[in-house]
J.: 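Structure incoming, see below.
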Amino acid sequence: MARILAVLGALAVVAAYFGLTSGDAHAAVDGHALYQRDCAFCHGATGRGTHYGPSLHGVGRAAVDYYVSTGRMPLVHTARSDEPGRTRTLAPGRFAPDDDLKVTRHTPPYTSDEMRALIDYATSLTGSGPSVDGLFLAGGDVSRGGEIFRLNCAACHSWAGEGGALLHLEAPALRAATARQTAEAVRVGPGNMPAFGTAALTDGQLADLVAYVHQLQHPVDPGGSALWHLGPVAEGAVALLAGLGALIGLVRWMGERG
């Protein structure tokens, strides 16, 4: 009995130690320090903007979460490495932010705790603004979402969500966007995208749109190859070329036999 109690006591000590260290590690993440290191150069120490970046006041939590969680911010160079086969990764804190870099999606260079702390601190500077916290984004109607997407989104992101280009503009592909990121983009309007408030799309319609975008990320392709989801024109062109190739081959075969 004494041995059992001793073992249980040792396990309790170990569990308490790891619980404390885990809590300390979580508490040690300083969102203010991360912001000053990676964001203040462009957005200012208090988020009021500088010559290199806009003010964050009034943008809201949805905008901060979208840009940080998709790796679009901070604008930092990749780590340089001469090791063959090693992936070049974003290196905040090692290189100064560069406002000339293109804002594109990357894997966030932060741990989940760092990202949460940075978003919380930056949001404390932004004040009120769009947020999708508390929205129920699951269970939307895919059919209605498809109608909304084709009406408002397909012109830029393509009918299959693969992205597209306009004059001096580029709409990103949607295949990597989470439900939250999709909803945030709709409400915030990042880059040149227009923002859709509740007057344009209700929360229910937003859930429908999120459901349709999710389906685009996992399409069902009955009947053969999807041909990269380029659309009916590309599919018709491929069919025409295949038919012409088969016809030419048949004519040549018949000529050789004659």
J.: What side-chain donor-acceptor pairs closer than 3.5 Å can you find for residues 241-251, not counting sequence neighbours?
T.:
none

J.: Mind checking the CD1-CE spacing from Ile119 to Met115? Nearest 0.5 Å is all I need.
T.: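 Reported to 0.5 Å precision, the distance equals 5.5 Å.
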J.: Identify the heavy atoms of Ser55 and Gly47 that sit nearest to each other, and give their distance.
T.: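 Looks like OG-O, 3.3 Å.
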J.: Check for me, please, whether Trp159 and Leu174 land in the same ILVMFWY cluster - side-chain distances under 4.5 Å, paths through other members count.
T.: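 No, Trp159 and Leu174 fall in different hydrophobic clusters.
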J.: Please name all residues satisfying ring pair (Phe, Tyr, Trp, His ring centres under 6.0 Å) with Tyr35, sequence neighbours left out, ordered by chain then number.
T.: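 For Tyr35, the residues satisfying ring pair (Phe, Tyr, Trp, His ring centres under 6.0 Å) (neighbours in sequence not counted) are Tyr121.
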J.: Does the side chain to side chain contact (heavy atoms under 4.5 Å, CB included) test come out yes or no for Cys39 and Leu118, once each step is laid out?
T.: CA-CA 10 Å; Cys39 312; Leu118 177 58; 4.0 Å; yes
J.: Quick one: list whatever passes side-chain hydrogen bond (donor to acceptor under 3.5 Å, both in side chains) with Thr123, sequence neighbours left out.
T.: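 Per chain and number, Thr123 pairs via side-chain hydrogen bond (donor to acceptor under 3.5 Å, both in side chains) with no residue.
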J.: List in chain and number order the residues that pass ring pair (Phe, Tyr, Trp, His ring centres under 6.0 Å) with His157, two or more places apart in sequence or in another chain; answer none if no residue qualifies.
T.: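 For His157, no residue satisfies ring pair (Phe, Tyr, Trp, His ring centres under 6.0 Å) once neighbours in sequence are set aside.
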J.: Grab the two heavy atoms, one from Val29 and one from Ala117, that are nearest each other, plus how far apart they are.
T.: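 That would be CG1-CB, 3.3 Å.
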J.: Can you sort out the partners of Thr126 under side-chain hydrogen bond (donor to acceptor under 3.5 Å, both in side chains), two or more places apart, ordered by chain and number?
T.: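 Residues passing side-chain hydrogen bond (donor to acceptor under 3.5 Å, both in side chains) with Thr126: none at all.
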J.: Determine which pairs satisfy salt bridge (charged side-chain N to carboxylate O under 4.0 Å, His left out) with at least one residue from residues 192-207, sequence neighbours left out, and list them in order.
T.: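 For residues 192-207: Arg187-Asp203.
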J.: Out of curiosity, His214 NE2 to Leu137 CG, how far, rounded to the nearest 0.5 Å?
T.: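 One finds 12.5 Å between NE2 of His214 and CG of Leu137.
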J.: Measure the CD-OG distance between Glu184 and Ser131 for me, rounded to the nearest 0.5 Å.
T.: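 The distance works out to 8.0 Å.
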J.: If you take all heavy atoms of Asp30 and His32, which pair is closest and at what distance?
T.: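 That would be OD1-N, 3.0 Å.
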J.: Quick one: ring-ring contact (aromatic ring centres under 6.0 Å, His included) pairs with a partner in residues 179-204, sequence neighbours left out?
T.: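 Passing the test, one end in residues 179-204: no pairs.
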J.: Pair Met193, Cys156 - check side chain to side chain contact (heavy atoms under 4.5 Å, CB included), show working.
T.: CA-CA 9 Å; Met193 175 178 168; Cys156 295; over 6 Å; no
J.: Sequence neighbours left out, what passes side-chain hydrogen bond (donor to acceptor under 3.5 Å, both in side chains) with Tyr66? Give chain and number order.
T.: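 side-chain hydrogen bond (donor to acceptor under 3.5 Å, both in side chains) list for Tyr66, sorted by chain: Arg72.
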J.: For residues 239-255, which residue pairs pass the salt bridge (charged side-chain N to carboxylate O under 4.0 Å, His left out) check, not counting sequence neighbours?
T.: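 Sorted result for residues 239-255: Arg252-Glu256.
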J.: Evaluate Val59 against Val188 for side chain to side chain contact (heavy atoms under 4.5 Å, CB included), listing each step before the verdict.
T.: CA-CA 8 Å; Val59 301; Val188 171; over 6 Å; no
J.: Would you say that more than 12 heavy atoms from the other residues, nucleotides or ligands in this model lie under 6.0 Å from the CZ of Arg105, or not?
T.: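 Atom CZ in Arg105 is packed in, count exceeds 12.
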J.: Can you give me every donor-acceptor pair (side chain of residues 145-155, partner residue at least two apart or in another chain, under 3.5 Å) with its distance?
T.:
{"unit_1": "Asn152", "atom_1": "ND2", "unit_2": "Ile148", "atom_2": "O", "d": "3.0"}

J.: Could you name each residue pair satisfying side-chain hydrogen bond (donor to acceptor under 3.5 Å, both in side chains) that touches residues 135-144, not counting sequence neighbours?
T.: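 side-chain hydrogen bond (donor to acceptor under 3.5 Å, both in side chains) check on residues 135-144 returns Arg144-Asp208.
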J.: Are Gln36 and Leu34 packed together at the side-chain level, in the sense that at least one heavy-atom pair is separated by less than 4.5 angstrom?
T.: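 Not in contact.
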J.: Report the C-alpha separation of Tyr110 and Asp38 in whole Å, then their side-chain angles, then the decisive distance to 0.1 Å, and conclude whether the side chain to side chain contact (heavy atoms under 4.5 Å, CB included) test is met.
T.: CA-CA 11 Å; Tyr110 304 110; Asp38 301 332; 2.8 Å; yes
J.: Taking His57 for the side chain and Thr46 for the main chain, is one N or O donor matched with an acceptor at less than 3.5 Å?
T.: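 Such a contact is found between His57 side chain and Thr46 backbone.
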J.: Sequence neighbours left out, what pairs pass salt bridge (charged side-chain N to carboxylate O under 4.0 Å, His left out) with at least one residue falling in residues 49-68?
T.: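 Output for this query lists Arg61-Asp120, Arg61-Asp133, Asp65-Arg180.
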J.: Looking at Gln181, is its backbone amide N or carbonyl O close enough to the side chain of Thr70 to form a donor-acceptor pair, meaning the two atoms are under 3.5 Å apart?
T.: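 Checked: no pair found.
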J.: Do Leu206 and Val142 belong together in a cluster built from hydrophobic side chains that touch within less than 4.5 Å?
T.: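 Yes; Val142 is reachable from Leu206 via cluster members.
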J.: Counting C-beta onward and ignoring hydrogens, is there a side-chain heavy-atom pair between Arg48 and His43 closer than 4.5 Å?
T.: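 Sidechains of His43 and Arg48: no contact.
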J.: Considering non-hydrogen atoms only, spot the tightest contact between Ala45 and Leu125 and give its length.
T.: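 So the two residues come closest at O-CD1, 4.3 Å.
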J.: Judged by atom type as modelled, is there a donor-acceptor pair below 3.5 Å linking the side chain of Ser158 to the main-chain atoms of Glu162?
T.: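 Side chain of Ser158 to backbone of Glu162: a pair is present.
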J.: Is there a side-chain contact between Tyr67 and Pro108 (heavy atoms, below 4.5 Å)?
T.: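 Not touching, per the 4.5 Å side-chain cut-off.
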J.: I'd like to check Met73 versus Val103 (side-chain heavy atoms, cut-off strictly below 4.5 Å). Are they in contact?
T.: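 Met73 vs Val103: side chains touch.
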